[in-house]
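Numbers restart at 1 for each chain; the letters A, B, ... are given by sequence-line order, proteins then strands. Computed over heavy atoms, backbone and side chain alike; hydrogens, waters and symmetry mates excluded.
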Number of protein chains: 2
Amino acid sequence: MDDRKWMILEAIVREYILTAEPVGSRTLSRRYDFGVSAATIRNEMSDLEDLGFLEQPHTSAGRIPSDKGYRTFVNSLLESGRKLNDFTTITQEVTSIYTSKTNQIHGLLEETTKMLSKYSHYTSISMSPDIQQTIFQHLQLIPLSSKQVVAILVTDSGIVHNQILTTPVTMDRKELGQISEFLNEKLQGKTMQEIDSNLMRELEADLISRYNTLSDIFRMLYTDLLGDVSRKLQQVFLDGTSYMMDQPEFADINKLKTVMSALEQRELLYNILNQNDQDMQITIGQENSQKEMQNCSIVSATYSVKGRPMGRIGILGPTRMEYGKVISLVQFVANILSKILSEQDE
Amino acid sequence: MDDRKWMILEAIVREYILTAEPVGSRTLSRRYDFGVSAATIRNEMSDLEDLGFLEQPHTSAGRIPSDKGYRTFVNSLLESGRKLNDFTTITQEVTSIYTSKTNQIHGLLEETTKMLSKYSHYTSISMSPDIQQTIFQHLQLIPLSSKQVVAILVTDSGIVHNQILTTPVTMDRKELGQISEFLNEKLQGKTMQEIDSNLMRELEADLISRYNTLSDIFRMLYTDLLGDVSRKLQQVFLDGTSYMMDQPEFADINKLKTVMSALEQRELLYNILNQNDQDMQITIGQENSQKEMQNCSIVSATYSVKGRPMGRIGILGPTRMEYGKVISLVQFVANILSKILSEQDE
DNA sequence: TGTTAGCACTCGCTGTTGTTGAGTGCTAAC
DNA sequence: GTTAGCACTCAACAACAGCGAGTGCTAACA
């Protein structure tokens, strides 16, 4: 793959991203100056097709990039390392939106999703922190009625979960206080991941020996709040789905429906956002494990609190996506979000 | 408007809802037996058009119902009072879905929305309770770090809100305990609506005189959690948006986009669901105050806890909607939901 | 050997035209 | 008041031609 081929491929990708029309050799030679004629470009394009970087919708049309073509383009973007797009101009705006928001992580993520859509004109997704990665901070049990207890779990980075537990027997305030005090002492500083069934069994035994009392609520706490319920509690935020309809590739209502239906399934969203756990993750077309999404690309990044990765935010669009712009934006917003979250946790 | 006209109008509405094709006089006379010829029907249809119940897409097409036509049809459905559609067959399924769910209202509403879509094949919406209508039950302040406090508000019917407050000065556990104990005593049993700025000012004075201490956190509690933040805290659940794409009236991607964009605006969803506060509310086409929604109809009903209306659930579709089925379903689900919510609150 | 001009060919897109058929309104007879 | 008959309308569909952007191939050129 020589230099000229590379330049032509890049030009075709850029041109197609811009126009959404198959790119022909003449158009290309008119708009770009490669110092060779259309005929030469034609030969190069034919080669590029043989190599799998381009595709031809039909014989007498121009070429469009294949997934492999986009992939090469994107890799080169990433390797080049130069500033792709400059979003520092909106720093002010973004931070002001963030700080105006309640300092609850869900509110921040909701705003994040909105902003990603607003600035990219693509559909965007955020995912609330994987609770397993967070650190236990505080547990509080509040009696609500004779048989109902609200359990409040606070982990670091401002995540608060609550759960109503209905106990078979009446619990008095003192018992509840004992249990929560006990757990607060034992679980302090542990990551939620470390709080597994083994640990809880130990603690249960310990609790019985200490207070000579055993309660169902202890087990309920584990199954409903502390245990591996992370997936259940992880929220997905979605915005800008209607931007999908601006894309000519989704003019066909059936293609559109395939994608839109997929976007309604939380589990599926979770999967497309977590294909691997690289910090910056770009999935192009067929690379996507979810077949409903194989006409789409997803650019996502992790956000973190004090260096610990917590969740992902991302942008979803057709494979013909403005990768340069989108990658910069996602990276930029993920950085600010991480900064805000880390600061506020102090 | 004589009996025969009425029968013809009803037949046209039913036929059009079924086929989505303009209904002609011959089709009608073939499928229904009015005992008169197509020509007579033709005359009647012409009259119905003059009266504003029907419309003609173009000269040589059949007629379709106007909004007024649908309205008449729907009113008669409601007045007739007879069982429109029987959904009792799915009672089992619905209750089992509900009881399998965590007894948190948000989880229930999420499931409700999913079910409404699943059984109706239309887009559906739910709205979490208007916190103003709920009754204060408990407030808890948990110190998180030296300057951060988690405020937990529990109101009746299992609604728990939490909010992280960042105080300018360090609060000790005792002070927090005093404030929450004080407020719990004073606010017990009040509806959130009653907790207004006047009451809070009184309480603030009272608190100062009692403990000779004043804290910013008191005011923050009001502005961020107790005060008129109901709209902010009210969540909207949406599901089945992709069913919109099955409707031939939205084959035009621009019409579709208008509606889908509207569905992304929470404020707007709130408005369309709360056009008035009748228990069962049906808004047809142009009756809708939101112009983006004037190609749509919305059928919604309140759900309540122990007779107190809390929020709404609803179904949204094209004006050519299966009103009979949808009305029954919404009513049915709202009833079960109310029952579950009222029981669980005991 | 790589590059280029020329040329025949392909094929989706667009616009025209004709046909079909469901539907209408009107009129006159029942 | 009802109905049969009839001329008329008009969207939808299919067939067809012309256009134009694009291709691959060939032969000539540096």
**OP:** May I ask you to say whether K257(A) pairs ionically with D246(B), meaning some side-chain N is under 4.0 Å from a carboxylate O?
**Re:**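 Salt bridge between K257(A) and D246(B), a charged N being under 4.0 Å from a carboxylate O: yes.
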Atom pair distance, as rounded to whole Å: [atom1] in [X] and [atom2] in [N]:
{"X": "M45(B)", "N": "dT2(D)", "atom1": "CE", "atom2": "P", "answer": "16 Å"}
{"X": "D50(A)", "N": "dT23(D)", "atom1": "CG", "atom2": "P", "answer": "14 Å"}
{"X": "E21(B)", "N": "dG21(C)", "atom1": "CD", "atom2": "P", "answer": "16 Å"}
{"X": "R26(A)", "N": "dG20(D)", "atom1": "CZ", "atom2": "P", "answer": "13 Å"}
{"X": "E55(B)", "N": "dT24(C)", "atom1": "CD", "atom2": "P", "answer": "15 Å"}
{"X": "L54(B)", "N": "dG25(C)", "atom1": "CG", "atom2": "C1'", "answer": "16 Å"}
{"X": "Q56(B)", "N": "dC10(D)", "atom1": "CD", "atom2": "P", "answer": "10 Å"}
{"X": "R63(B)", "N": "dT24(C)", "atom1": "CZ", "atom2": "C1'", "answer": "7 Å"}

Original post:
Can you tell me the Watson-Crick or wobble partner of dT27(C), both distances under 3.5 angstrom?
Top reply: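 Across all strands, the one nucleotide that pairs with dT27(C) is dA4(D).
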[X] vs [Y] side-chain heavy atoms within contact, under 4.5 Å:
{"X": "T40(B)", "Y": "R4(B)", "answer": "yes"}
{"X": "L263(B)", "Y": "L269(B)", "answer": "yes"}
{"X": "V23(A)", "Y": "I64(A)", "answer": "no"}

Does [X] make a side-chain N or O approach to OP1 or OP2 of [N] shorter than 4.0 Å?
{"X": "T27(B)", "N": "dA22(C)", "result": "no"}
{"X": "S46(B)", "N": "dT24(C)", "result": "no"}
{"X": "T59(B)", "N": "dG23(C)", "result": "no"}

Original post:
If the sugar-phosphate is the primed atoms plus P, OP1 and OP2 and the base is the rest, what is the B/S/- string for nucleotides 1-9 of chain C, using protein heavy atoms under 4.0 Å?
Top reply: --SBBB---
Original post:
Between dT24(C), dC11(C), dG25(C), which nucleotide gets closest to the side-chain atoms of H58(A)?
Top reply: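 In terms of side-chain proximity for H58(A), the closest of dT24(C), dC11(C), dG25(C) is dC11(C).
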Subject >> Candidates dT24(C), dT23(D), dC10(D) - which lies nearest the side chain of S60(B) >> reply: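 From the listed options, dC10(D) comes nearest.
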**OP:** Answer yes or no for K255(B) and F250(B): cation-pi contact, defined as NZ/CZ to six-membered ring centre under 6.0 Å and angle to ring axis within 45°.
**Re:**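 Ring-cation test returns no.
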Original post:
Which of parallel (below 30°), tilted (30 to 60°) and perpendicular (above 60°) describes Y243(B) and H121(B)?
Top reply: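 Rings of Y243(B) and H121(B): perpendicular, over 60°.
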Subject >> R63(B): which of E15(B), E49(B), E55(B) passes salt bridge (Lys or Arg N to Asp or Glu O under 4.0 Å) >> reply: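 Single pass found, and it is E49(B).
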